[in-house]
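Quick caveat: nothing in here was measured; it's all calculated off a predicted structure. In what follows, every chain begins at residue 1, and chains take the letters A, B, ... in the order their sequences are listed.
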Protein chains: 2
Amino acid sequence: MSADLTRNQTLVMKTLSGAEAPLSAYTILDRLRDDGLRAPLQVYRALDKLTEMGLVHRLESLNAFVACAHPNCHEQELIAFAICEACGKVEEFSDDVVKDRLDGWTRAHGFRPAKTTIEIRGNCGGCVGKA
Amino acid sequence: MSADLTRNQTLVMKTLSGAEAPLSAYTILDRLRDDGLRAPLQVYRALDKLTEMGLVHRLESLNAFVACAHPNCHEQELIAFAICEACGKVEEFSDDVVKDRLDGWTRAHGFRPAKTTIEIRGNCGGCVGKA
DNA sequence: CAAGGATGTGTAATGTCATAACATTATTGT
DNA sequence: ACAATAATGTTATGACATTACACATCCTTG
Ligand SMILES: [Zn+2]
Ligand SMILES: [Zn+2]
Ligand SMILES: [Zn+2]
Ligand SMILES: [Zn+2]
């Protein structure tokens, strides 16, 4: 299990790992033209797999992707993202209390959750200081 | 304040209020062709205003819009959405504990939040029963 | 009233994000 | 070797959103 990454997956993963901010699929594609990638699907397919593996997260409010910064992230069941709109930096964290409260609501309402998105947009500490 | 809605805003608001599920901007446009709307921008401009007024919410994970179901919604600072992937129904709720926990994290990290998205995708009680 | 500003509108063109459909090649298990 | 599975390459298309420009309306203020 956790098989090695394929060529395209490796290329996409490296691009995201080296980025300072989330990247759109098309931006990734542009950066991999020289490596032979030509079509959006090549990137999207790699992103799908990497996301399944928990190595990459999709940020719904940005339509962009970011490498996981959280060591054993896919063991966490609920990840929250704090996204700086000035510098693009993303921090991810988990909070058991938040998870318990949301679980409580869904249980009480008979809702079966499949995937939960928590994204906080704003300005990070470094960027708030810069007036 | 809370000025009356303009013609286009009223049309868009009525369309969303009468919908059973979130609608994309282009779906709204299609439903308003007979009322004279011709271009996406006419819908997007109305949606922007309605969202500012708190009458409409954008669901980031769907790229779609829904009429606010929460009476005095814009007084709440944090709304969570439970979105059924089977029937499309959306329920919105707020939770002060969740809000406090997220506020706690941002304060501790010097992050200044502007907008927070919480969206739970899954299946509602009614749809879970249908096996 | 006239001038100016703010807001709403109409339209075309373009930009951005994502998937469908199909053919081919590589990998794996028996 | 053979079949099954997974990955890849390519073209076209679908879906979501914004830029740019022109015009109309309303309101304010000198
Ligand atoms: Zn992670
Ligand atoms: Zn920042
Ligand atoms: Zn609401
Ligand atoms: Zn349902």
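Taking atom CG of residue A/Asn8 and atom P of nucleotide D/dT10, one finds them 11 Å apart after rounding to whole Å. Taking atom CG of residue A/Leu62 and atom P of nucleotide D/dC16, one finds them 18 Å apart after rounding to whole Å. Computed from coordinates, the B/Gln42 CD to D/dC21 P distance equals 19 Å when rounded to whole Å. Protein atom CG of A/Asp48 is 12 Å distant from nucleotide atom P of D/dT8, rounded to whole Å. The CG-P distance, from B/Asn63 to C/dC17, rounds to 11 Å in whole Å. Between the CZ atom of A/Phe65 and the C1' atom of C/dT16 there is a distance of 13 Å, given to the nearest Å.
One finds a side-chain N or O of B/Thr6 lying less than 4.0 angstrom from the OP1 or OP2 phosphate oxygen of C/dT9. At C/dA18, one or more side-chain N or O atoms of A/Tyr44 fall inside 4.0 Å of OP1 or OP2 (strictly under the cut-off).
Here A/Ser61 contributes atom OG and A/Glu85 contributes atom CD; the two are 8.0 Å apart, rounded to the nearest 0.5 Å.
Stacking annotation: A/Tyr26 is not stacked on the base of C/dT16 (requires ring centroids less than 5.5 angstrom apart and an interplanar angle below 30 degrees).
Look at A/Arg121 and A/Glu119 and you find no salt bridge, because none of the NZ, NE, NH1 or NH2 atoms lies under 4.0 Å from a carboxylate O.
In this pair, B/Trp105 and A/Phe93 present their aromatic rings parallel. The plane angle is below 30°, not in the 30 to 60° band.
In this structure, the nucleotide among D/dA7, D/dC16, C/dG8 sitting nearest to the side chain of B/Ser24 is D/dC16. Residue B/Arg38 places its side chain closer to C/dT11 than to any other of D/dT8, C/dT11, C/dT9.
Across all strands shown, B/Leu41 has heavy atoms under 4.0 Å from base atoms, whether or not it also approaches the sugar-phosphate.
Between the side chain of A/Thr27 and the backbone N or O of A/Leu23, no donor-acceptor pair lies under 3.5 Å.
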